[in-house]
2 protein chains.
Amino acid sequence: MVIKMRNKYMKIQEDLAEHIRKGRIKPGDLLPSENELCETYSASRETIRKALKMLAEDGYIHKVQGKGSIVLDVSKFDFPISGLVSFKEVSKKMGHRAKTIVQQFGKILPTPELKSIIQVAEDDELWEVYRIREIDGEKIILDKDYLVKKVVPYLTKEICENSIYEFLEGELGLTISFAKKEITMEEPTEEDRNFLDLDGFHSIVVVKNFVYLDDASMFQYTESRHRPDKFRFVDFARRK
Amino acid sequence: MVIKMRNKYMKIQEDLAEHIRKGRIKPGDLLPSENELCETYSASRETIRKALKMLAEDGYIHKVQGKGSIVLDVSKFDFPISGLVSFKEVSKKMGHRAKTIVQQFGKILPTPELKSIIQVAEDDELWEVYRIREIDGEKIILDKDYLVKKVVPYLTKEICENSIYEFLEGELGLTISFAKKEITMEEPTEEDRNFLDLDGFHSIVVVKNFVYLDDASMFQYTESRHRPDKFRFVDFARRK
DNA sequence: AAGTGGTCTAGACCACGCA
DNA sequence: GCGTGGTCTAGACCACTTG
C-alpha cells in the first residue's frame with residue numbers, strides 16, 4: 001500500500017470509497033446523511049464533509065442540497081487517466097506487456113526554445129532523455145524529457161528505464177506539486193518516424209507537460225508523442 | 001456579471017483573484033498569512049481557507065505548509081479550456097469570427113448503440129442535432145448532440161443555432177452538474193468528410209461528452225469531432 | 001415541519017519551514 | 001521557537017427538498 005492514511009478524513013474517504021467500489025452501496029442510492037456519518041465515524045461534521053468533498057471530486061458521489069449524497073456508477077468512469085499519472089502507473093493498470101527503451105540520455109545546454117519553455121539561465125544544464133514506450137511489441141509513445149540539473153543533480157540511464165517519477169519522489173525526496181498539460185495534434189516529425197512504429201498514421205498526439213515543484217518553480221518539461229490509435233484521455237469535470 | 005457572489009468565501013476568493021490578475025501581488029510573492037487575511041476580511045480561518053483552496057484549485061496560488069501561499073503566474077496558464085465549456089463560450093474568448101450551422105435537427109428513437117451510451121428505454125425519444133462550427137470561414141468542428149426528450153421537452157432549430165447550454169440552464173432551469181469527457185483519435189468517417197473542410201487531414205479528434213444532471217441521471221451525449229490542426233486541450237492537474 | 005446539505009464561527013492542537 | 005498552513009471539534013444559522 002503506497003497511500004498513507006494518517007488523517008481521519010482520508011480514512012473515512014477511503015472507507016466510503018471502498019464501500020462504493022465493492023457495491024455495498026449501489027449507484028443511485030443515497031449515502032447516509034452527514035449527521036449519521038458523524039456518529040458512525042465519531043467525527044465532527046466538517047471532517048465528514050471534507051471526506052465527502054473528496055469523494056465528489058473523484059466522481060464517487062454527487063451532493064444535492066436538501067436531498068443527500070447520491071452514489072454514482074464508478075464502473076462507468078473507467079480509467080480516469082486525468083491528472084498526473086506516469087507511464088509506469090498507467091501500464092501497470094492496463095496490464096499490458098510494456099517496455100521502456102532509453103533511446104537518448106545526456107546533458108545539454110538549453111536551446112532558445114527550451115529556455116523560453118523552462119525558465120532557466122543560459123548556462124543551466126538540462127538532462128535530456130528520450131524514451132520509447134513499447135506496448136505489446138509495438139513502439140507507441142516517444143517521451144522526451146528535460147529536467148533541470150540544478151534540481152536533479154544525479155540521474156542515470158538505469159533510473160530512466162524504470163520510473164523517473166518514482167526516483168524523484170522516492171530517492172531525491174522532491175515533491176511534484178502540480179502540472180499544466182496541453183494536448184494537441186501535430187504532423188509526425190522525422191524523429192517520430194524514426195523512433196515509432198507509425199505505419200500508415202499521418203498524425204501524432206502531442207501531450208506537453210509542464211511540471212512544477214513545491215516552491216512553484218518549473219523543473220521539468222515533457223513532451224509525450226503518442227501514436228493516435230492508442231491514445232485516450234479521460235477527464236471528469238464539474239460545472240461551476 | 002454572471003457569477004453571483006452571495007457567499008463570503010466567494011467574495012474573498014474573487015477579491016484575491018482580482019489582486020493577482022491585476023498584478024498587485026506578483027508571481028513568486030507570498031500571500032498574507034491566513035491569520036492576517038482573517039483580520040483583513042473579518043472572517044474566520046476556515047472561511048479564509050475555503051477561499052484559498054479554490055484559488056489553489058484554479059491555479060492562482062500554491063500552498064506550502066510552514067511557508068505560505070505562493071502566487072503563481074496566471075498569465076502562463078492561458079486558456080484553461082479544461083472543464084465544461086461550450087463552443088459559444090470558447091469562440092467568444094478566442095475572438096474568432098465563428099458561425100454555427102445546424103445541419104440536422106429532429107427526433108429519433110435510440111439506436112442500440114445510443115441506448116447503451118445513454119441509459120434510456122426503447123421508446124424514449126431523443127433529440128438529434130448536428131451542428132457544424134465554422135471559424136474564419138472554415139468548417140472545423142462537427143458537433144453531434146443527443147438529448148433525452150423526456151428531460152428537454154421543447155427544442156427548436158433556432159435555439160440550436162445559439163447555445164443549447166444557455167437555453168437549458170436559462171430557460172428550462174436545468175442544472176448541469178458534471179460530465180465525463182473522453183478524447184480519442186479516429187479515422188474520419190464519410191460524414192466527417194462531407195460536413196467538414198478536411199483538406200489533407202487523415203484523422204479526427206473525437207471528444208465524447210457524457211453530461212449529467214443534478215440528480216445524477218445522464219441526459220445528453222455529445223460527440224465533438226474536430227479537425228486536428230485547430231484542436232487544443234489544456235488541463236491543470238495537482239498531484240495527490 | 002423535519003431533515004438534508006451549505007456556510008460560518010472560535011478555538012484547539014499538530015506538522016512543517018526557517019532562522 | 002516562532003509563524004506558517006493542516007486537521008479537527010462543537011455549535012450555530014441558512015437554503016433547499018420532501019412529505
Side-chain angles (χ1 to χ4, degrees), chain A residues 4-16 25 28-57 60-72 173-175 177-178 213-217 238-240, chain B residues 4-16 25 28-57 60-72 173-175 177-178 213-217 238-240:
Chain A
K4 283 176 228 165
M5 297 186 293
R6 290 190 304 277
N7 303 322
K8 201 166 188 176
Y9 74 89
M10 283 186 190
K11 281 182 199 155
I12 296 170
Q13 190 255 5
E14 245 319 301
D15 191 57
L16 289 172
I25 314 175
D29 285 359
L30 291 176
L31 234 51
S33 78
E34 295 183 350
N35 283 316
E36 287 178 78
L37 290 172
C38 288
E39 296 211 349
T40 311
Y41 291 103
S42 311
S44 78
R45 201 166 143 232
E46 285 290 355
T47 302
I48 295 292
R49 285 176 58 71
K50 207 177 281 186
L52 293 188
K53 199 177 178 207
M54 293 178 73
L55 287 174
E57 277 166 7
Y60 279 96
I61 62 170
H62 179 63
K63 306 181 83 179
V64 182
Q65 192 173 49
K67 213 172 165 190
S69 298
I70 303 167
V71 175
L72 302 182
L174 288 178
T175 309
S177 62
F178 61 94
L213 287 179
D214 224 15
D215 63 353
S217 69
R238 279 175 186 286
R239 187 98 172 152
K240 298 204 172 167
Chain B
K4 284 176 231 166
M5 294 185 296
R6 291 190 304 277
N7 303 323
K8 201 166 187 175
Y9 75 90
M10 283 185 189
K11 282 182 199 157
I12 297 170
Q13 191 254 4
E14 246 318 303
D15 192 59
L16 289 171
I25 314 174
D29 286 0
L30 292 177
L31 233 50
S33 78
E34 295 183 351
N35 283 318
E36 287 178 76
L37 291 173
C38 289
E39 297 211 349
T40 311
Y41 291 102
S42 309
S44 77
R45 202 167 141 230
E46 285 290 356
T47 303
I48 295 293
R49 284 176 58 71
K50 207 177 280 188
L52 294 187
K53 198 176 179 208
M54 293 177 73
L55 287 174
E57 276 166 6
Y60 280 95
I61 62 169
H62 179 63
K63 306 181 84 178
V64 183
Q65 192 172 51
K67 211 172 167 192
S69 298
I70 303 167
V71 175
L72 302 181
L174 288 177
T175 309
S177 61
F178 60 94
L213 287 180
D214 224 16
D215 64 351
S217 69
R238 279 176 186 285
R239 188 96 172 155
K240 301 203 175 170

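No experiment lies behind these values; they were computed from the predicted model shown. Here is the naming used below: chain letters follow the sequence lines, and residue numbers restart at 1 for every chain.
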For this session: Could you state the atom-to-atom distance from CD1 of A:Ile12 to P of D:dT7 in whole Å?
Result: 13 Å
Problem set entry | 5' precedence on DNA chain D between A:Tyr9 and B:Ser33 (nearest-nucleotide basis) | B:Ser33
For this session: Find out whether B:Lys63 and B:Glu34 are in side-chain contact, i.e. whether some heavy atom of one side chain is under 4.5 Å from a heavy atom of the other.
Result: yes
Exercise. Choosing from C:dC8, D:dG5, D:dC8, which nucleotide comes nearest the side chain of A:Glu46?
Worked result: C:dC8
Exercise. Between A:Lys63 and C:dG6, does any side-chain N or O lie under 4.0 Å from OP1 or OP2?
Worked result: yes
Exercise. D:dT7 P sits how many Å from B:Lys50 NZ, rounded?
Worked result: 15 Å
Problem set entry | Straight-line distance of A:Ile12 CD1 to A:Thr40 OG1, nearest 0.5 Å | 9.5 Å
For this session: Determine, stepwise, if the pair B:Phe178 / A:Leu72 fulfils side-chain contact (heavy atoms from CB on, under 4.5 Å).
Result: CA-CA 11 Å; B:Phe178 60 94; A:Leu72 302 182; 3.6 Å; yes
Problem set entry | Under 4.0 angstrom between B:Arg49 side-chain N/O and D:dG6 OP1 or OP2 | yes
Problem set entry | Length of the NE2-P vector between B:His62 and C:dG17, whole Å | 11 Å
Seminar exercise, completed: A:Gln13 atom CD is separated from D:dT7 atom P, nearest whole Å, by 12 Å
Exercise. Quick one: on DNA chain D, does A:Lys67 or A:Ser42 contact a more 5' nucleotide (nearest heavy atom)?
Worked result: A:Ser42
Problem set entry | Stepwise side-chain contact (heavy atoms from CB on, under 4.5 Å) test for B:Leu31 and B:Leu52 | CA-CA 10 Å; B:Leu31 233 50; B:Leu52 294 187; 3.6 Å; yes
Problem set entry | Distance, rounded to the nearest Å, where A:Leu37 contributes CG and C:dG3 contributes P | 17 Å
Exercise. For the side chain of A:Arg45, counting heavy atoms from C-beta on, which of D:dG6, D:dA12, C:dT9 is nearest?
Worked result: D:dA12
For this session: Respond yes when some side-chain nitrogen or oxygen of A:Lys8 is under 4.0 Å from OP1 or OP2 of D:dT9, and no when none is.
Result: yes
Exercise. Whole-Å distance between D:dA10 C1' and A:Tyr41 OH?
Worked result: 21 Å
Exercise. Reckon B:Ser44 has a side-chain N or O less than 4.0 Å from the OP1 or OP2 of C:dG11?
Worked result: no
Problem set entry | Donor-acceptor under 3.5 Å (A:Lys8 side chain, A:Ser42 main chain) | yes
Problem set entry | d(CG, A:Asn35; P, C:dG5) in whole Å | 7 Å
Problem set entry | Donor/acceptor link under 3.5 angstrom from A:Gln65 side chain onto base of D:dC14 | no
Seminar exercise, completed: Whole-Å distance, B:Ile48 CD1 to D:dG6 C1', equals 16 Å
